[in-house]
Protein chains: 2
Amino acid sequence: MEAIYQDIARQLAARMDAGEFPPGSRLPSVRQLAASHGVNSLTALAAYRWLEQKQRVVARPRAGFFAALPAASAAAALHRALPSPATLVEVDSRMSQLVALSASDVAVQLHMAEAHHSLYPSAELARRLQTALLQRPELIGAYLPAAQHERLCGLLQQMAAGWQMEVKADEILFCNGITEGISLALRHLTRPGDTVAVETPVYFGLLQTLAALGLKALEIPCTPDAGLSLEALEFALQYGPPVRCLVTVTNYQNPTGARMPDDHKKRLLALARRHGVTLIEDDVFGELYFGEARPTPLKAWDRDGDVIYCASFTKSLAPSFRLGWLSGGRHHAALERLRASSSLVSPALLLGTLTDLLASGDYARISQRLRRQLARQMEQVADAVLAAFPRGTTLRRPQGGLLLWVEGPEGLDSGRLLEAALRESISFAPGMLFSAEPRFRHCLRLNFGQPWDEAQRQAIVRLGELAAEQLRTTC
Amino acid sequence: MEAIYQDIARQLAARMDAGEFPPGSRLPSVRQLAASHGVNSLTALAAYRWLEQKQRVVARPRAGFFAALPAASAAAALHRALPSPATLVEVDSRMSQLVALSASDVAVQLHMAEAHHSLYPSAELARRLQTALLQRPELIGAYLPAAQHERLCGLLQQMAAGWQMEVKADEILFCNGITEGISLALRHLTRPGDTVAVETPVYFGLLQTLAALGLKALEIPCTPDAGLSLEALEFALQYGPPVRCLVTVTNYQNPTGARMPDDHKKRLLALARRHGVTLIEDDVFGELYFGEARPTPLKAWDRDGDVIYCASFTKSLAPSFRLGWLSGGRHHAALERLRASSSLVSPALLLGTLTDLLASGDYARISQRLRRQLARQMEQVADAVLAAFPRGTTLRRPQGGLLLWVEGPEGLDSGRLLEAALRESISFAPGMLFSAEPRFRHCLRLNFGQPWDEAQRQAIVRLGELAAEQLRTTC
């Protein structure tokens, strides 16, 4: 029987490749497939299961089998997207490799999505930690005492109210960085094999998380101007494979820096609701706004509790503290249970210190200073790129966050550019990391969270020269 | 077709109930079932899937379907095990409810598995944290610098070598408490529906984690004398349902306090190997030994890298820090990837402070002081229990950890005892929490990690009186 079902599977795959069944289209029923090959249903089902394992088809309960989208498997496709003799090729844990770059002796590091540690007030936080623990020795215990937990939730509610978002006191869950929040949300909402809509380009950490959970990424275009394309999303929801949920970075998206306009946020909510798609909002950069007002999260307009809102103090206060939090709407209780069995609690001492920083107004002061510095550095990096990079390079200056998305001239291969740059001790994140498809080869993501100095300026000048050289040799 | 497959499923369930297919036995193949009902294989398969959803049968790839054990679903069974009108009944998140008790105003709290915060050196740790951050401001960043990470791993290796355990430098992964380590190990090794062997009695947090992952618990008897019964395990592996892995608390088991003898550890390794069962070793209490030498983990004898060893500094240094770690043997790389997408990293500041505490010898001093205090308190609580509780009460004095397992006289209902105790502002963990089956109704777990004082003594006297009263009224 083994040979037969594999044979049937291979024939079906060939018909898909030939265009008879385009990506996302419905495939013959098990009975139809069985009848057309003169085999029994179990054999036909085995053929489908085999194709499912190979991520060529997607099964939907009570709907049958569908041809997978070409980029369906984030892991496989990430691997495929890589130029084979590149520096970063060995495994497909892209993020770990970029982290390893940080640990290396690369002189000018522009590849991460973290601001430099010198931008955070270590000495002030050190004092705060000590005071908190001396005054409240119970913070060495595993659990934040209930009264203190209540106080912290009250302060968070107050903070969110400042951006027009109402958060219920019993719908606040702290977690280890926003990574844990998003991972919990995905684990709660999906089962292996499900399809999750994401923005493209999208941060590679999310693609890795999806791969680790056995989920398929459906990439929806996102532009630096307005973020996620609602038109593309609507089309995908209508004609693509069934989608369980959408992860969207609404404010200062990673990597494009896009801020989704408020009316898009409202339209996205209505669209998701219409299609029964749960939204996971990743607002990790929302606190790093450069303008007058902090952008309002999409969650603010969620009346049905269907948005899982994830945020963090990681970027805006102290990366080391890993102070993520989420508000899960109608999924909240389930997320709390899942968290309890995944990592139990967040360090009580760090939560207690956060309470002090919020209550005293120190957090507001610390994050304002950080935002001003980031806004200055963004202009400095953007100016330098526009001056140094070859003609045809474009960028849009983000109004928050710490990432600059640079679209090089057509033909630029940012993977090869990175190899050349690393030889001169400069790093950045090449575009190929941000999609399972080779869509963003000519793009690069730069971090403007490093203090601006002459070495930075020279590194960007050099990147521009290397890009120009590459284009000359290619032509 | 709906009615037919459900009808077939119900008939099969009735045959299982009647004893034709006892728990754990192999059920007819899909083809046999189809033939005997004159339906096609897809319909027979649907019947099995339906029974699988109801947790009556268990599917094993390439082996077929098996009748589920009665206690197969930890979640369902936990629920079943509860007396309906009890105080703690509402949901089956038992741990969260016990945590809520901590937050309440119960005067004498003996229900948790944490030592009181006053046993930990808050002031000293506060100074250490401040110094670390002032001297190394980079610890405010998200990632522990590579050189510091290497140093910390070296210190851990040295520490483990002191207990005859060799740990490879590239097989150390820090995680958020041991809970995260065990959750990652289970997520890596299993798929929903799999069966995991656990000790019984076992800490309820593990039963909750299994339920959250859709796993079935197979409970293997464990005694205060020698821990896990290897005879029972061997029998279960031979005649029970296929088991994917075993979670075992080898040193000072929770709740029995049992320390597994070294020769049992070696035999368990051989047994697991013979049956292809991966071991997850939970050594969270190992550092709290009262004798001369710290017990050697089972992992020390693991030559094939098949044991996933999980440990933590939570109990022995600072509960608030959540400094868990694991060494995953041949599963290590996969666990690292899973962790990266689950919560990324542990707080660099806390890892950096741990390095200082290990290097200076302060950790050795702190944990020794803690062990001595716990050893004293164990004797005080044990003496008080034996003096106060009715005849027929037995206990074995554990030689480590912070938990005392008390077996009351037959007929004692510790659930009802807890209700009475809570009315007098005393808490403990009732036996029913430690199994999906109502095996330990007469038992209770007491925490001897609270500083011994007159209130504690009186609380235990009162518990003994309440137990005696209950037995009198019942008889």
Side-chain angles (χ1 to χ4, degrees), chain A residues 30 40-42 45 93 95-96 99 102-104 114 116-118 120 122-123 125-127 129-130 132-134 137-143 145-146 149 175-177 179-180 183 191 205 208-209 211-213 314 318-322 336-338 340-350, chain B residues 30 40-42 45 93 95-96 99 102-104 114 116-118 120 122-123 125-127 129-130 132-134 137-143 145-146 149 175-177 179-180 183 192 205 208-209 211-213 314 318-322 336-338 340-350:
Chain A
V30 171
N40 67 29
S41 297
L42 276 185
L45 188 62
S93 34
M95 192 162 49
S96 327
V99 172
S102 316
S104 69
E114 302 290 335
H116 191 261
H117 67 78
S118 63
Y120 297 97
S122 291
L125 293 171
R127 269 195 309 278
L129 280 166
Q130 190 185 26
L133 199 43
L134 289 176
E138 68 273 18
L139 289 179
I140 206 66
Y143 298 92
H149 184 267
C175 46
N176 295 301
T179 303
E180 184 170 56
S183 167
R191 292 293 163 269
Q208 261 187 239
T209 299
L213 294 173
T314 299
S320 178
F321 287 13
R322 311 281 309 132
E336 280 188 328
R337 282 196 299 273
L338 198 54
S341 67
S342 297
S343 67
L344 205 53
V345 285
S346 289
L349 172 61
L350 303 181
Chain B
V30 171
N40 68 29
S41 297
L42 276 184
L45 189 62
S93 34
M95 191 163 51
S96 326
V99 172
S102 316
S104 68
E114 302 290 335
H116 191 260
H117 67 78
S118 63
Y120 297 97
S122 291
L125 293 170
R127 269 194 309 277
L129 280 166
Q130 190 184 27
L133 200 43
L134 289 175
E138 67 273 18
L139 288 179
I140 206 66
Y143 299 92
H149 184 267
C175 46
N176 296 300
T179 304
E180 184 170 55
S183 167
Q208 260 186 242
T209 298
L213 294 173
T314 299
S320 178
F321 287 13
R322 312 280 311 131
E336 281 189 329
R337 282 196 300 273
L338 198 55
S341 68
S342 296
S343 66
L344 205 53
V345 285
S346 289
L349 171 60
L350 303 180

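Worth saying up front: this structure is predicted, and the values here are computed from it rather than measured. Just so it is clear, the values below take in all heavy atoms, side chains as well, and ignore hydrogens, waters and symmetry mates. In what follows, chains carry the letters A, B, and so on, assigned in the order in which the sequence lines appear, proteins first and then strands, with residues in each chain numbered from 1.
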Note: B:Ser122 and A:Pro137 closest approach over all heavy atoms is OG-O, 3.1 Å
Minimum heavy-atom distance between A:Ser343 and B:Glu180, given as atom pair plus value: CB-CB, 4.1 Å
Side chain / backbone / both / neither for B:Glu138 at chain A, heavy atoms under 4.5 Å: both
For the student: nearest non-hydrogen atoms of B:Ser341 and A:Thr179, plus distance: O-CG2, 3.8 Å
Of the listed residues (A:Ile140, A:Leu125, A:Leu133), which shares the most heavy-atom pairs with chain B below a 4.5 Å separation? A:Ile140
Quick check against the 3.5 Å criterion: does B:Arg322 have a side-chain atom that pairs as donor or acceptor with the backbone of A:Val345? yes
Residue among B:Ala126, B:Pro192, B:Cys175, B:Ser346 with most heavy-atom pairs under 4.5 Å to chain A: B:Ala126
To the nearest 0.5 Å, what is the distance between OG1 (A:Thr209) and CG (B:Leu338)? 9.5 Å
Can you sort out the partners of A:Arg191 under side-chain contact (heavy atoms from CB on, under 4.5 Å), two or more places apart, ordered by chain and number? A:Asp194
Give the member of B:Ser118, B:Ser183, B:Ala212 that has the highest number of heavy-atom pairs under 4.5 Å with chain A. B:Ser183
Specify the closest pair of heavy atoms between B:Leu349 and A:Leu129, including all atoms of both residues, with the distance to one decimal. CD2-CD1, 3.4 Å
Answer yes or no: is there a donor N or O on one side and an acceptor on the other, between the side chain of A:Ser320 and the main chain of B:Leu139, under 3.5 Å? yes
With chain A, which of B:Ala348, B:Ala123, B:Pro347, B:Gly177 has the greatest number of heavy-atom pairs at distances under 4.5 Å? B:Pro347
Could you report the tightest heavy-atom contact between A:Pro319 and B:Gly141, atom names first, then the distance? CB-C, 3.8 Å
